[in-house]
Amino acid sequence: MNKIDWKRKLSSRKLWAAVVGIITGLAMVFGLDESTINSVAGAVVSVTSVVAYIITEGKVDAANAKRTARETMSRPEAPNVSGLDPAQGAAGITRDKSSSW
């Protein structure tokens, strides 16, 4: 049995357009004035747009973070191309481990 992806379903613009349609229809049935209906419909659409944007950007950011981590972990260690011993400094001078410079 397949799991339902609630995040994807709740971020669907089609779902929220249907919800706005139902709310608008019910408001008309119960005799609310047109300005109230427009205000409620506008608020629902605005909030839905923001929530859908936040969820979508979160998914994109998570995918980018996973890709970056995967690429970083798959890179081999950088080879020592300088020819210097790692214990030596950039000028090839061996550092005395007892000094603190």
Side-chain angles (χ1 to χ4, degrees):
M1 183 171 209
N2 294 336
K3 283 186 155 184
I4 297 173
D5 185 5
W6 286 106
K7 284 184 182 178
R8 186 176 59 82
K9 288 198 178 286
L10 291 176
S11 65
S12 168
R13 290 178 293 213
K14 293 175 191 172
L15 169 72
W16 291 106
V19 169
V20 169
I22 291 169
I23 291 171
T24 304
L26 289 173
M28 290 171 143
V29 167
F30 290 113
L32 292 176
D33 63 345
E34 191 174 327
S35 65
T36 303
I37 294 171
N38 288 337
S39 296
V40 170
V44 171
V45 170
S46 297
V47 169
T48 301
S49 297
V50 170
V51 169
Y53 178 78
I54 290 170
I55 290 172
T56 303
E57 286 299 312
K59 287 181 179 182
V60 169
D61 291 345
N64 284 337
K66 284 180 185 177
R67 182 179 46 82
T68 301
R70 207 174 317 120
E71 288 173 359
T72 302
M73 296 303 289
S74 67
R75 288 186 195 146
E77 290 293 321
N80 182 7
V81 294
S82 67
L84 297 176
D85 180 17
Q88 293 178 331
I93 300 169
T94 303
R95 186 178 135 177
D96 179 13
K97 295 189 184 201
S98 64
S99 71
S100 62
W101 57 280

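If you read the sequence from its start, that first residue is 1, and numbering goes on from there.
Heavy atoms from other residues, nucleotides or ligands lying under 6.0 Å from CD of Glu34 number 12 at most.
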Audit row: Thr72, Thr68, side-chain contact (heavy atoms from CB on, under 4.5 Å) steps and yes/no: CA-CA 6 Å; Thr72 302; Thr68 301; 4.1 Å; yes
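Of all the heavy atoms in Leu32 and Ile37, the pair that sits closest is O-CD1, 3.6 Å.
Val40 and Val29 end up in different hydrophobic clusters when Ile, Leu, Val, Met, Phe, Trp and Tyr side chains are linked at under 4.5 Å. Put simply, Leu15 and Val45 are part of the same group of oily side chains (I, L, V, M, F, W, Y) that touch within less than 4.5 Å, one to the next. Hydrophobic clustering (side-chain heavy atoms under 4.5 Å, transitive across Ile, Leu, Val, Met, Phe, Trp, Tyr) keeps Val19 apart from Val51.
Taking CG from Asn64 and NZ from Lys59, the interatomic distance works out to 14.5 Å, rounded to the nearest 0.5 Å.
The shortest distance between side-chain heavy atoms of Thr36 and Asp33 falls below 4.5 Å.
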